[in-house]
Amino acid sequence: MYIPYGRQSIDESDIEAVVNVLKSDFLTTGPAISTFEEKVANYVGAKYAVAIANGTAALHAACFAAGIGEGDEVITTPITFAASSNCVLYCGGTPVFADIKPDTYNIDPADIERKITERTKAIIAVHFTGQPCEMDEIHAIAKKHNLLVIEDGAHALGAEYKGKKVGSLSDMTTFSFHPVKHITTGEGGMIVTDNPKLYERLKLFRTHGITREDHLLKKNDGPWYYEQLELGYNYRITDLQCALGSSQMEKLPNFLVRRKEIAKAYDEAFASCDCIQTPYQKDGCENAWHLYVIRIKNGKRKEVFEKLREAGIGVNVHYIPVYQHPYYREHGYEQIYCKNAEAYYEECISLPMYPALKEEEQQYVIQKVLEFVS
Ligand SMILES: *Cc1c(COP(=O)(O)O)cnc(C)c1O
């Protein structure tokens, strides 16, 4: 038996949706893409959506659309997947790390404020584990200093901040549809925005910087005509993937309910154990529960982790502070130290969390955690 920390849920209707595309005229850049984009945009409450090759490409596109370039600083959290700051480097900008809050593990608005310089252009807020960041505070800082706000919502499809869905709050929000995330397209991602100018730039970036849209062309030689206006990439997603995505969106509400149930069962099981700190939930934040992270408070994290892996439980650590990676250390980050992020990293373990996790599997995980921690 092996219980992973996360995995997809695929049913017959998902398979049928993909097979139907295989039998259709378009395998890529056909009608399934805009259908999926509309579904996600409507669900999160955004005007525009651009489906793209993966969540990392979504972040890259968002930084491009935001105009990030050489000399620009973008503030983000170290407790995230490296893509949240790599996207800034792709554009020639400089990621700056603000520490996390010790309770939510999300970026600390007060430390964002401390890290702002005259070069700061944007903030990338990551809703870690699916719990929304303190967006009112972040927006207030952004307004004061004239910054763009990008949300990395890879953990947070379906999460809510003060009654509003993540994706409806900031200049741009990105999502990932990797199989461990809330819904999957195999590989896939999306950017949502309410801003028509950003929307145009995101679409350009997805297809080499090339457009056929009349209102964007500098001239028009005829019906064959297109122009490359920017240096974009081939970051297209396929119709096969988007058909799967649309089918998965139908199940998202149930997936979220199941994730919440699993979180509650873990909370209850560990409530009376002094050695385990369960995730703190902030008022007004509805967690989408991509991850369930416990902290081992008795100094035995490594030992507990190793024993859980030996017991067939695919626990994980999310995340190593990004600036600790050799690439970052070799590129100017060797002196960076975020105190709360380091303390968190010493103690964290992500437990299995996905809708298809069976009740008896969760009971086994709980039993083993309690056994190994004591
Ligand atoms: C998964 C993830 C990404 C990247 O998504 P991919 O689709 O794997 O490229 C970016 N940021 C965070 C926080 C993630 O968890």
Side-chain angles (χ1 to χ4, degrees), residues 5 59 73-89 93-117 120 123-134 137-138 141 151-152 154-156 266 270 273-282 285 287 290-309 315-351 353 369 372-373:
Y5 87 86
L59 284 162
E73 294 178 357
V74 178
I75 299 176
T76 192
T77 171
I79 298 300
T80 184
F81 185 55
S84 314
S85 61
N86 286 346
C87 58
V88 178
L89 295 173
T94 305
V96 173
F97 294 101
D99 206 352
I100 58 167
K101 304 252 300 199
D103 52 5
T104 61
Y105 319 141
N106 272 328
I107 195 165
D108 181 356
D111 206 39
I112 293 178
E113 189 110 52
R114 272 179 233 124
K115 300 281 161 69
I116 285 174
T117 71
T120 310
I123 299 166
I124 299 179
V126 183
H127 306 302
F128 180 63
T129 75
Q131 170 158 242
C133 296
E134 291 165 58
E137 287 79 358
I138 291 171
I141 294 166
E151 295 173 45
D152 180 344
H155 296 187
Y266 279 137
F270 301 136
C273 179
D274 291 340
C275 303
I276 299 172
Q277 185 179 329
T278 56
Y280 166 80
Q281 298 306 295
K282 208 171 170 59
C285 289
N287 198 327
H290 164 56
L291 298 174
Y292 188 91
V293 177
I294 56 169
R295 285 175 74 166
I296 306 296
K297 303 302 286 183
N298 60 3
K300 293 205 266 184
R301 192 272 303 269
K302 189 161 182 239
E303 190 184 322
V304 172
F305 187 98
E306 285 167 351
K307 285 184 176 168
L308 286 167
R309 279 276 177 96
V315 286
N316 225 313
V317 163
H318 298 95
Y319 293 95
I320 303 156
V322 173
Y323 57 76
Q324 280 195 16
H325 287 294
Y327 181 85
Y328 278 83
R329 294 182 61 81
E330 288 157 18
H331 288 82
Y333 291 82
E334 69 281 1
Q335 303 295 337
I336 303 300
Y337 182 88
C338 294
K339 183 166 101 334
N340 297 335
E342 298 283 337
Y344 163 82
Y345 170 58
E346 289 303 312
E347 298 178 343
C348 64
I349 295 182
S350 302
L351 300 181
M353 166 58 88
V369 170
F372 298 148
V373 86

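For this chain, numbers begin at 1 and follow the sequence in order.
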Original post:
If every non-hydrogen atom of Ile107 is compared with every non-hydrogen atom of Thr77, which pair is closest and at what distance?
Top reply: CD1-N, 3.7 Å
**OP:** Could I get the full list of side chain to side chain donor-acceptor pair (under 3.5 Å) partners for Ser84, not counting sequence neighbours?
**Re:** Thr80, Asp152
Original post:
Sequence neighbours excluded, which residues qualify as ring-ring contact (aromatic ring centres under 6.0 Å, His included) partners of Phe270?
Top reply: Tyr266
Subject >> Shortest non-hydrogen contact from Gly130 toward Asn287 >> reply: C-OD1, 3.0 Å
**OP:** Kindly indicate, with the supporting measurements, whether the criterion side chain to side chain contact (heavy atoms under 4.5 Å, CB included) is fulfilled by Arg295 and Ile276.
**Re:** CA-CA 6 Å; Arg295 285 175 74 166; Ile276 299 172; over 6 Å; no
Subject >> pair Leu351-Tyr5: side-chain heavy atoms closer than 4.5 Å >> reply: no
Subject >> Over all atoms of both residues, closest heavy-atom pair of Lys115 and Glu73 >> reply: O-OE1, 4.5 Å
Original post:
Got a sec, which residues hit ring-ring contact (aromatic ring centres under 6.0 Å, His included) with Tyr344, two or more places apart in sequence or on another chain?
Top reply: Tyr105, Phe128
**OP:** Please step through side chain to side chain contact (heavy atoms under 4.5 Å, CB included) for the pair Phe372 and Leu308, ending with a clear verdict.
**Re:** CA-CA 8 Å; Phe372 298 148; Leu308 286 167; 3.8 Å; yes
Original post:
Would you say the side chain of Val126 lies within less than 4.5 Å of the side chain of Cys133, judging by non-hydrogen atoms?
Top reply: no
**OP:** Search all heavy atoms of Tyr323 against all heavy atoms of Cys338 and return the closest pair with its distance.
**Re:** OH-N, 2.9 Å
**OP:** With sequence neighbours left out, write down each residue that passes ring-ring contact (aromatic ring centres under 6.0 Å, His included) with His127, or none if nothing qualifies.
**Re:** none
Original post:
What residues, two or more places apart in sequence or in another chain, satisfy salt bridge (Lys or Arg N to Asp or Glu O under 4.0 Å) together with Arg301?
Top reply: none
Subject >> side chain to side chain contact (heavy atoms under 4.5 Å, CB included) between Val304 and Ile349, intermediate numbers included >> reply: CA-CA 9 Å; Val304 172; Ile349 295 182; 3.9 Å; yes
Subject >> By side chain to side chain contact (heavy atoms under 4.5 Å, CB included) - contacts of Glu334 (at least two apart) >> reply: Arg329
Original post:
Can you name the side chain to side chain contact (heavy atoms under 4.5 Å, CB included) partners of Tyr328, sequence neighbours left out?
Top reply: Ser85, Asn86, Leu89, Pro95, Phe97, Val322, His325, Tyr333
Subject >> Distance (rounded to the nearest 0.5 Å) between His155 NE2 and Thr129 OG1 >> reply: 8.0 Å
Original post:
What do the steps show when you test Ile100 against Asn106 for side chain to side chain contact (heavy atoms under 4.5 Å, CB included), and what is the final call?
Top reply: CA-CA 5 Å; Ile100 58 167; Asn106 272 328; over 6 Å; no
**OP:** Considering non-hydrogen atoms only, spot the tightest contact between Asn340 and Pro102 and give its length.
**Re:** ND2-CD, 3.6 Å
**OP:** Under the salt bridge (Lys or Arg N to Asp or Glu O under 4.0 Å) rule, collect the residues that match up with Glu113, sequence neighbours excluded.
**Re:** Lys144
Original post:
Which value, rounded to the nearest 0.5 Å, describes the distance between Ile138 atom CD1 and Ile123 atom CD1?
Top reply: 6.5 Å
**OP:** May I have all residue pairs that pass salt bridge (charged side-chain N to carboxylate O under 4.0 Å, His left out) and include part of residues 95-110, sequence neighbours excluded?
**Re:** Lys101-Glu134
Subject >> Sequence-distant partners of Arg114, side chain to side chain contact (heavy atoms under 4.5 Å, CB included), two or more places apart >> reply: Ala110, Asp111
**OP:** Output all residues satisfying side chain to side chain contact (heavy atoms under 4.5 Å, CB included) with Gln324, sequence neighbours left out; order by chain, then residue number.
**Re:** Ile320, Pro321, Glu342, Tyr345
Subject >> Straight-line distance of Phe305 CZ to Lys307 NZ, nearest 0.5 Å >> reply: 14.5 Å
Original post:
With sequence neighbours left out, what residues match Lys339 under salt bridge (Lys or Arg N to Asp or Glu O under 4.0 Å)?
Top reply: none
Original post:
Are side-chain heavy atoms of Lys282 and Gln131 found at a separation under 4.5 Å?
Top reply: yes
Original post:
Do you know the tightest heavy-atom contact between Asn298 and Ile296?
Top reply: OD1-CG2, 3.1 Å
Original post:
Quick one: does Val88's side chain get under 4.5 Å of Ile124's, heavy atoms only?
Top reply: yes
Subject >> Modelled atom types, side-chain donor and acceptor of Ser350 and His318, under 3.5 Å >> reply: yes
